[in-house]
J.: 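The following block contains the structure, expressed as structure tokens.
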Amino acid sequence: MNEGNAAAVKIPHSVVLEDRRRLTVSGISDVDSFDEQTIVVFTPLGELTVKGADLHISRLDLEMGELAVEGDIATLAYAGQAPEKQPSFFSRVFR
């Protein structure tokens, strides 16, 4: 996916963990690295690191921004800062 499309298409980010064995992540833009113990992906909210044992990527679709991981998932951690939220309409009106 080129940078022009990445800025134009906003994919919602979500993380679903089932029984610490199956992980589904949407809104990813790229996979930085992966092995059986660690998977690092880029999301709109920062870099997401998945750690565990016997991890493998069962599905990866960068065009749709989707990732599915199976294995013994121990931790999920974000690095970097999430983008600042814009003030709501009412908070701007009632300052």
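Below, each value reflects all heavy atoms present in this structure, side chains not excepted, and no hydrogens, waters or symmetry copies. Keep in mind it's a predicted model, so treat the numbers as computed, not measured.
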J.: Going by side chain to side chain contact (heavy atoms under 4.5 Å, CB included), L67 matches just one of T24, L23, V15, V41. Which one?
T.: V41

J.: Does one hydrophobic cluster hold both L45 and V40, with members joined at side-chain heavy-atom distances below 4.5 Å?
T.: no

J.: Which pairs of donor and acceptor atoms, one on a side chain in residues 48-60, lie under 3.5 Å apart (sequence neighbours left out)?
T.:
from: S58; atom 1: OG; to: A68; atom 2: O; distance (Å): 3.4

J.: For Y78, what residues pass the ring pair (Phe, Tyr, Trp, His ring centres under 6.0 Å) criterion, not counting sequence neighbours?
T.: H13

J.: Are V31 and F42 connected in the hydrophobic side-chain network, where two residues link if heavy atoms are under 4.5 Å apart?
T.: no

J.: Quick one: which residue pairs count as a salt bridge (charged side-chain N to carboxylate O under 4.0 Å, His left out) with a foot in residues 12-25, not counting sequence neighbours?
T.: E18-R22, D19-R22, R21-D72

J.: Who passes side chain to side chain donor-acceptor pair (under 3.5 Å) against S26, sequence neighbours left out?
T.: S14

J.: Please list, one pair per line, the donor and acceptor atoms closer than 3.5 Å that link side chains of residues 32-39 to other protein atoms, with sequence neighbours excluded.
T.:
from: D35; atom 1: OD1; to: Q37; atom 2: N; distance (Å): 2.8
from: D35; atom 1: OD1; to: T38; atom 2: N; distance (Å): 2.8

